[in-house]
Amino acid sequence: MNDKATTFQEIKDIVLKFRDDRDWKQFHDIKNLAEAISIEAGELQELFLWKDKDELMRKLSEDSNFKEKVGEELADVLLYCFNFANSADIDISQVMANKIKSNDEKYPVEKSKSSAAKYTEL
Ligand SMILES: [Mg+2]
């Protein structure tokens with residue numbers, strides 16, 4: 001599998017099979033899955049805690065073990081996101097397209113280019 005050859009639906013089907021093979025549907029309610037996304041995001045953040053951002057970028061490119069750990073935590077976050085989308089019956093592509101359109105309207109290039117200001121402050 002790789003990003004160019006894999007669809008969101010294929011990943012949704014894989015995580016659904018993984019869940020159902022283990023009879024875990026009973027645990028995969030949207031509350032638990034939202035919490036799991038947050039917990040795994042915390043584990044991803046923990047890898048970066050108290051470290052300098054420039055040093056982290058160097059480590060990410062030079063330390064394959066570190067990059068593997070980062071990838072594993074990112075995968076944990078994303079897999080729970082796909083499980084959440086399955087349990088909540090959400091079409092990931094559709095909601096992302098809607099959100100990108102909304103963000104495009106909130107952050108027009110002419111007002112937001114090179115600015116980190118929130119849309120309410122543009
Ligand atoms: Mg994890």
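Ligands are counted one by one from 1 in listed order, and the atoms in each one are counted from 1 as well. One-based numbering along the sequence shown.
Residue Glu73 approaches the Mg ion (ligand 1) most closely through its N/O/S atom OE1.
We find that Glu105 and Lys101 are joined by a salt bridge, their nearest charged nitrogen and carboxylate oxygen being less than 4.0 Å apart. Taking a cutoff of 4.0 Å between a charged side-chain nitrogen and a carboxylate oxygen, Arg58 and Glu62 qualify as a salt bridge. Between Lys69 and Glu73, no side-chain nitrogen of the basic residue sits less than 4.0 Å from a carboxylate oxygen of the acidic one, so the salt-bridge criterion is not met.
Using a cut-off of 2.8 Å, one finds that Glu43 contributes an N/O/S atom close to the Mg ion (ligand 1).
The OD2 atom of Asp76 and the OE1 atom of Glu40 subtend an angle of 90° at the Mg ion (ligand 1), given to the nearest 10 degrees.
Not a single donor-acceptor pair under 3.5 Å links the side chain of Asp76 to the backbone N or O of Glu40.
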